[in-house]
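These notes are about the structure you will find just below.
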Amino acid sequence: MKRFSIAAYISGSGSNLKKIIENTQNGFLASNVRLVISDRMAPGLIFAESSGIQTAVISRLDLPRDEFISKQLSLLKKFGIDLILLAGYIKKLPSEIVDIFSGRILNIHPALLPEFGGKGMHGLNVHEAVIRSKAEFSGPTVHFVDGKYDHGEILLQKKIRVLEGETPESLSKRVLELEHVIYSEAIKILEERKE
Ligand code: GRF
């Protein structure tokens, strides 16, 4: 059983992060979230802070590129991070970080990749596209992160049927409930993986 020191990257509400933190506290996961990085002041930072987790807002808008990256790298090193989770992080992770942490970065996406991914495919856009396409199924995907948006190897997906009269909002809500389950399941798969 591996115990990862996790850094989570967020930009928004951080409901996936919250669920993962809860699952590290209730023993479902052996790993711990040590660091939360956001590109802006995000509601998700509040829960992390109140759980005693180090948080940092690091925005490309405030810093030259090299400092933007070195600031992240020094925190990732300081907290001994060996697994990065993108949990609603709206920006692309810098390639320097992707290269160093290759195979140890996960993302969660609210549709069944490889469909409905890529630049601009976030928030309700994703669910609108799913409904417009008349897809029979949707559901979240946890995948490894490589240099391209929503692209790397898929680790876990869960399917639900798109219902009659479904709206982007209703689909988003139902998919998010599953996200809260499968992101922790995916981490557990890595904890139990023999290498
Ligand atoms: C989720 O829908 C996730 O799939 C996407 O961003 C959203 C983040 O939600 N990548 P939250 O901040 O975890 O509530």
Side-chain angles (χ1 to χ4, degrees), residues 6-25 28-29 31 33 35-51 53 55-59 83-94 97-98 101 105-131 133 135 137-160 162 166-189:
I6 295 172
Y9 277 68
I10 65 167
S11 299
S13 66
S15 68
N16 277 288
L17 168 64
K18 182 167 187 264
K19 201 73 205 172
I20 290 163
I21 293 172
E22 283 169 4
N23 281 332
T24 62
Q25 290 166 343
F28 179 76
L29 292 171
S31 302
V33 180
L35 173 66
V36 176
I37 293 178
S38 177
D39 65 315
R40 64 194 72 187
M41 288 311 299
L45 292 168
I46 296 165
F47 183 79
E49 271 163 22
S50 70
S51 307
I53 296 166
T55 66
V57 176
I58 307 178
S59 166
L83 180 64
I84 293 179
L85 305 177
L86 305 186
Y89 188 61
I90 207 91
K91 303 284 186 213
K92 205 168 177 183
L93 204 61
I97 297 180
V98 174
F101 285 86
I105 312 172
L106 298 178
N107 180 41
I108 189 154
H109 184 75
L112 296 172
L113 293 175
E115 304 295 327
F116 309 110
K119 202 167 182 249
M121 275 295 191
H122 52 75
L124 288 178
N125 291 349
V126 180
H127 305 291
E128 264 157 28
V130 169
I131 292 170
S133 77
F137 296 100
S138 192
T141 302
V142 177
H143 66 96
F144 288 96
V145 170
D146 61 12
K148 297 183 194 155
Y149 272 114
D150 302 325
H151 183 262
E153 184 198 335
I154 291 170
L155 179 56
L156 195 60
Q157 293 184 307
K158 209 152 238 163
K159 263 188 184 181
I160 49 169
V162 179
E166 190 96 73
T167 62
E169 290 78 9
S170 67
L171 187 55
S172 152
K173 189 162 177 274
R174 293 200 300 128
V175 171
L176 188 62
E177 276 167 23
L178 285 180
E179 291 184 35
H180 293 162
V181 177
I182 74 161
Y183 215 171
S184 292
E185 284 178 0
I187 298 164
K188 204 174 175 69
I189 289 172

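When a ligand or atom number is given, it counts from 1 through the structure's own listing order. Note that this is a predicted model, so its numbers are computed, not measured.
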**Item:** atom 9 (O) of ligand 1: the protein heavy-atom neighbour that sits closest, reported with distance to 0.1 Å
**Value:** Asn16 ND2, 3.8 Å
**Item:** Glu179 bridged to Lys158 by N-O distance under 4.0 Å
**Value:** no
**Complete:** Near Glu179 (heavy-atom distance under 4.0 Å), the atoms of ligand 1 are 1 (C), 2 (O), 3 (C), 4 (O)
**Request:** Give yes or no for whether the N/O distance cutoff of 3.5 Å, strictly under, is met between Gly14 and ligand 1.
**Result:** yes
**Message:** Against the six-membered ring of Phe47, is Lys18 placed for a cation-pi contact (under 6.0 Å from the centre, within 45° of the normal)?
**Reply:** yes
**Complete:** atom 10 (N) of ligand 1 has as its nearest protein heavy atom Ile108 O, 2.9 Å
**Prompt:** atom 7 (C) of ligand 1: which protein heavy atom is closest, and how many Å away?
**Reply:** Gly88 CA, 4.1 Å
**Message:** Under 4.0 Å from a heavy atom of Ser15: which atoms of ligand 1 are those, numbered in the order shown and with their elements?
**Reply:** 11 (P), 12 (O), 13 (O), 14 (O)
**Prompt:** Looking just at side-chain N and O atoms, do Ser15 and His180 make a donor-acceptor pair shorter than 3.5 Å?
**Reply:** yes
**Prompt:** Glu22 and Lys19: salt bridge (Lys or Arg N to Asp or Glu O under 4.0 Å), yes or no, with the steps?
**Reply:** CA-CA 5 Å; Glu22 283 169 4; Lys19 201 73 205 172; 3.6 Å; yes
**Request:** State whether the shortest distance between N or O atoms of Leu176 and N or O atoms of ligand 1 falls below 3.5 angstrom.
**Result:** no
**Message:** Are Leu124 and Leu171 packed together at the side-chain level, in the sense that at least one heavy-atom pair is separated by less than 4.5 angstrom?
**Reply:** no
**Request:** Could you tell me whether the side chain of Arg40 reaches within less than 4.5 Å of the side chain of Ser11, counting heavy atoms only?
**Result:** yes
**Asked** Do ligand 1 and Asn107 have nitrogen or oxygen atoms that lie under 3.5 Å from each other?
**Response** no
